[in-house]
2 protein chains.
Amino acid sequence: MAETNALDALIQALRRLPGVGVKSAQRMAFHLLQHDRPGAQLLSRALQDAAGHVHHCERCHTFTEDVICSTCLDPRRDHSQLCVVETPADQSALERTNAYKGLYFVLMGKLSPLDGVGPKDIGLKKLFDRASDGLVREVILATNFTAEGEATAHVIAEGLKARGLTPTRLARGVPVGSELEYVDLGTIAHALVDRR
Amino acid sequence: MAETNALDALIQALRRLPGVGVKSAQRMAFHLLQHDRPGAQLLSRALQDAAGHVHHCERCHTFTEDVICSTCLDPRRDHSQLCVVETPADQSALERTNAYKGLYFVLMGKLSPLDGVGPKDIGLKKLFDRASDGLVREVILATNFTAEGEATAHVIAEGLKARGLTPTRLARGVPVGSELEYVDLGTIAHALVDRR
């Protein structure tokens, strides 16, 4: 498929998408050119639009096209609660539970010293300032329950305590609908320690 | 991640790529916006360029930016051999073997009655005209060895014979480097019938 420059350039550009290797990129380029040229045009414009207009909310750091996102501006939300998540996708998952009515702070990453991601890269200074606005009473740490997510939560919790704020963490335990026999031992041990 | 229209539009557009579901599309959009905005711009331009400039070679139907592709125009190639493949990727695989110096005809698909793909959709009329140019002595059928690829090869072979042309088919047999014990029985049976 080394026939045309435009096609080669498209395959190379598609390879920059996460999880797309050369075979997938070829298949995508072939599909778009052979079966879905309107899709190619649409995707081109959508990329242009998003790269040009989407930036970070000044208050919570999530993606928005405005200066401050609609969640942060919503007067019906509880301004005394601030939930810290790693990504907008995590925020979206929490929103879909309909169980949380407070505000968010989106780290857009997690502490990961091996990848060179330090406190500055995930805006911890900004988070601490945001949490010290006088309205926030509780900071809920909802980073992932992976090694890096736990480390990030730990660092944030220490920083918040030093500023006299109260961090809480999402409960660890047995997932809804699961049978103990098939749950991993670490989870059961944690559920036992955190029993209530 | 339902915060911004541009982001939603990007996720929807990415879902039109083959093999990309909503989670992958979110991950791709997030990656591009957070970590690779130049990549997003590059991909946008590459899509625009390819959708605007790439079309089919008038002679062999493969993707090209010219009226006739460079392979068809190459005077060093053997114009008496015509190899019929399903896709430009298959053509590329054959080219990389360095074992074929003739010309190609790319069907850009395969006969697939269940999907409503008939002889017209893969340009069989055009192939028969192409093969009857007086120069072509042998048509090598290199469609895939799947049910649909075999059916396509069969239909093309019948059409070519009716026009007094000689179709040949890539040899079926045991792949290079494999041990008989682990080769599927259909392949061994074919290799036995086609022994030489």
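Computed from a predicted structure; not experimentally measured.
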How many angstroms lie between atom [atom1] of [X] and atom [atom2] of [Y], to the nearest 0.5 angstrom?
X	Y	atom1	atom2	value
A:L42	B:R16	CG	CZ	5.5 Å
A:L7	B:D49	CG	CG	11.5 Å
A:R45	B:S44	CZ	OG	9.5 Å
A:F30	B:M108	CZ	CE	5.5 Å

Closest-packed option against chain B by number of heavy-atom pairs under 4.5 Å, given A:E95, A:R96, A:H56, A:K23: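 Sorted descending by pairs with chain B, the first entry is A:H56.
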Contact leader toward chain B among A:H53, A:H55, A:H35, A:H31, where contacts are heavy-atom pairs under 4.5 Å: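 Highest number of heavy-atom pairs under 4.5 Å: A:H31.
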Looking only at heavy atoms, which two atoms of [X] and [Y] are closest? And how far apart?
X	Y	value
A:Q26	B:A89	OE1-CB, 4.0 Å
B:A40	A:L47	O-CB, 3.9 Å
A:A13	B:A46	CB-CB, 3.9 Å

Most contacts with chain A, counted as non-hydrogen pairs under 4.5 angstrom, among B:L33, B:L14, B:T87: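 Maximum pair count with chain A is reached by B:L33.
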Best-contacting candidate, B:Q12, B:R37, B:Q34, B:Q48, against chain A by heavy atom pairs under 4.5 angstrom: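 Ranked by heavy-atom pairs under 4.5 Å with chain A, first place is B:Q34.
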Side chain, backbone, both or neither of A:L10 within contact of chain B (heavy atoms, under 4.5 Å):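 For A:L10, backbone and side chain are both near chain B.
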Worked check of side-chain contact (heavy atoms from CB on, under 4.5 Å) between B:L43 and A:L17: CA-CA 9 Å; B:L43 180 53; A:L17 293 171; 4.2 Å; yes
Neighbour count >12 (heavy atoms, 6.0 Å) for atom NZ, B:K101: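 Yes, the 6.0 Å shell around NZ holds more than 12 heavy atoms from other groups.
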Hydrophobic cluster identity match, B:F145 and B:V85, side-chain contacts under 4.5 Å: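 B:F145 and B:V85: one cluster.
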Apart from B:I156 itself, residues in the same hydrophobic cluster as defined by side-chain heavy atoms under 4.5 Å: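 Besides B:I156, the cluster holds B:L82, B:V84, B:L103, B:F105, B:L107, B:L111, B:V117, B:I122, B:L124, B:L127, B:F128, B:V136, B:V139, B:L141, B:V155, B:L160, B:L165.
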Check: B:N5 main-chain N/O paired with A:E65 side-chain donor or acceptor under 3.5 Å: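 Judged by distance alone, yes, a pair lies under 3.5 Å.
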